[in-house]
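Working notes, beginning with the structure itself.
Predicted model, so just to flag it, every value in this text is computed and none were measured. Lettering of chains follows the sequences in order, A, B, ..., and the numbering in each one begins at 1.
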Protein chains: 2
Amino acid sequence: MTEAARHDVFQAIADPTRRKLLQLLSEEEMPINALAAHFPISRTAVAKHLAILSDANLITGKKAGREKRFALHPEPLLEVKEWVAYYERFWDNKLSMLKHLVEKDGEIEGLKEAEKRKTT
Amino acid sequence: MTEAARHDVFQAIADPTRRKLLQLLSEEEMPINALAAHFPISRTAVAKHLAILSDANLITGKKAGREKRFALHPEPLLEVKEWVAYYERFWDNKLSMLKHLVEKDGEIEGLKEAEKRKTT
DNA sequence: AATTTATGAAACCTTTTGGTTTTATTATTA
DNA sequence: TAATAATAAAACCAAAAGGTTTCATAAATT
């Protein structure tokens with residue numbers, strides 16, 4: 001496997017600066033200097049954020065002459081999407097949760113127990 | 001507004017221990033001791049993680065006798081879902097991205113420039 | 001060739017994070 | 001009421017995170 005991902009995608013997107021970097025790169029590919037111009041912090045600090053995003057496979061950078069052009073690589077966000085999707089079952093209406101429980105065998109017992117807890 | 005959210009939801013879910021706590025609470029409400037039994041760390045450490053989740057409005061805790069029962073409150077994850085949804089446009093096939101670009105005025109220029117960059 | 005531009009890398013600093021142990025407090029239960 | 005169980009709160013600590021400045025390198029320009 002060529003995808004290492006030493007840095008967790010959840011941790012990578014936790015920082016607001018890094019989320020803004022992803023947003024900028026979603027608009028267009030850019031070298032580090034162009035990116036850094038959007039922040040009040042130093043170019044070096046931005047470089048470190050880019051390294052973290054790169055470790056999480058969220059961006060790629062290819063050298064073009066003396067500059068290195070970064071591009072968005074959003075695929076790892078699929079993991080986040082799926083993680084959140086699990087919790088969608090639980091929000092707002094209880095019916096969807098019930099449906100979720102009924103869909104998998106053996107969970108009915110859990111429901112019954114939950115009911116028991118409520119009434120005792 | 002009663003929803004403070006002093007802690008960012010992105011930061012709250014960044015930690016694997018906290019994600020596991022949410023998962024446990026999605027199965028059933030539990031007091032802190034029951035939760036802590038699932039981890040190799042101290043109950044106090046778990047309590048701190050719960051405080052962070054609570055600050056992000058991802059869980060609620062109501063005192064019942066001498067124990068405090070925690071429950072999942074997944075609604076703030078909607079923000080994450082929407083954030084990720086934005087990037088879905090960009091992954092896998094370029095057609096959906098093109099569609100995205102065409103949908104908003106003024107972005108055609110950006111596309112043209114991107115093409116120019118590729119060919120020069 | 002000399003200068004400028006764009007980046008990379010190292011050393012260092014401060015605050016935050018994730019953990020600990022110790023010391024209360026509060027409700028149950030024997 | 002004395003002992004126990006379930007938390008809460010405080011003080012402390014090491015490592016990681018997010019910054020900085022300084023020095024080095026490589027490609028473009030003049």
Side-chain angles (χ1 to χ4, degrees), chain A residues 4-25 28-72 117 120, chain B residues 4-25 28-73 116-117 120:
Chain A
R6 287 166 297 172
H7 263 272
D8 189 66
V9 64
F10 287 93
Q11 195 243 324
I13 66 172
D15 185 272
T17 299
R18 288 195 290 269
R19 287 199 300 278
K20 188 167 174 185
L21 282 169
L22 291 178
Q23 194 246 298
L24 289 168
L25 290 176
E28 63 172 327
E29 297 185 3
M30 266 182 275
I32 198 175
N33 262 350
L35 288 166
H38 291 84
F39 299 90
I41 63 182
S42 70
R43 187 188 53 76
T44 309
V46 172
K48 287 190 188 176
H49 283 298
L50 290 174
I52 290 170
L53 290 173
S54 191
D55 278 356
N57 276 308
L58 282 165
I59 61 174
T60 61
K62 75 173 170 210
K63 229 175 55 184
R66 74 178 148 182
E67 72 183 20
K68 187 171 177 183
R69 181 163 292 261
F70 287 94
L72 182 68
R117 267 197 308 280
T120 38
Chain B
R6 288 165 296 172
H7 263 272
D8 190 66
V9 64
F10 287 94
Q11 195 241 322
I13 65 172
D15 184 90
T17 299
R18 288 195 289 269
R19 287 199 300 279
K20 188 168 174 187
L21 282 169
L22 292 178
Q23 194 246 298
L24 288 168
L25 290 176
E28 63 172 327
E29 296 185 4
M30 267 183 273
I32 200 175
N33 261 350
L35 287 166
H38 291 84
F39 300 89
I41 62 181
S42 71
R43 190 187 53 75
T44 308
V46 171
K48 287 191 188 176
H49 283 300
L50 290 174
I52 289 170
L53 290 172
S54 191
D55 278 355
N57 276 309
L58 282 166
I59 61 174
T60 61
K62 75 173 169 213
K63 227 176 54 185
R66 75 178 148 182
E67 71 182 22
K68 188 170 177 185
R69 180 163 292 260
F70 287 93
L72 182 68
H73 178 73
K116 219 183 303 172
R117 269 196 308 280
T120 38

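- The base of C:dT26 has none of its N or O atoms less than 3.5 Å from a complementary donor or acceptor on the side chain of B:R66.
- Here C:dG19 presents its P atom at 12 Å from CG of B:L50, a figure rounded to the nearest Å.
- The minimum heavy-atom distance linking A:A36 with A:R43 is given by the pair CB-CA, 4.1 Å.
- Atoms CG (A:D55) and C1' (D:dA16) sit 14 Å apart, rounded to a whole Å.
- Going from atom NZ of A:K68 over to atom P of C:dG8 covers 5 Å, rounded to whole Å.
- To the nearest angstrom, C1' of C:dT17 lies 19 Å from CZ of A:F10.
- When the P atom of D:dA6 is taken as reference, atom CZ of B:R69 falls 12 Å away, rounded to whole Å.
- When each of D:dA28, D:dT20, C:dT7 is scored by its nearest atom to the side-chain atoms of A:S42, the top-ranked nucleotide is D:dT20.
- B:F39 places its CZ atom 10 Å from the P atom of C:dG19, with the value rounded to the nearest Å.
- Which of D:dG19, C:dT20, D:dA8 sits closest to the side chain of B:I41 comes down to C:dT20.
- B:P31 and B:E67 make their closest contact through CG-OE1, 3.9 Å (heavy atoms, listed as atom of the first residue, atom of the second, distance).
- Side-chain N/O atoms of B:Q11 include none lying less than 4.0 angstrom from OP1 or OP2 on C:dT16.
- Between the NE2 atom in B:H73 and the CG atom in B:N57 there is a gap of 5.5 Å [rounded to 0.5 Å].
- Put simply, A:N33 has no side-chain N or O that comes within less than 4.0 Å of OP1 or OP2 on C:dT5.
- Contact of A:K48 with D:dG19 (side chain to base): a donor-acceptor pair of N or O atoms is detected under 3.5 Å.
- Checked for salt-bridge contact, B:D8 and A:R19 meet the test: a charged N lies under 4.0 Å from a carboxylate O.
- Phosphate proximity of D:dA17 to A:H49: absent, as no side-chain N or O sits under 4.0 Å from OP1 or OP2.
- Atom NZ in B:K63 sits roughly 12 Å away from atom P in D:dT7 (whole-Å rounding).
- Using a 4.0 Å cutoff on non-hydrogen atoms, the parts of residues 14-24 of chain B near DNA chain C are B:D15, B:R18, ordered by number.
- Atom C1' of nucleotide D:dA5 and atom CD of B:E67 are separated by 10 Å, given to the nearest angstrom.
- Put simply, the side chain of A:F39 does not reach to within 4.5 Å of the side chain of A:H49, judged on heavy atoms.
- The side-chain heavy atoms of A:L58 and A:L25, taken from C-beta on, include no pair separated by under 4.5 Å.
- Note on B:T44: every side-chain N or O is 4.0 Å or more away from OP1 and OP2 of C:dT20.
- Note that CD1 of B:I59 is 11.0 Å distant from CE of B:M30, once rounded to the nearest 0.5 Å.
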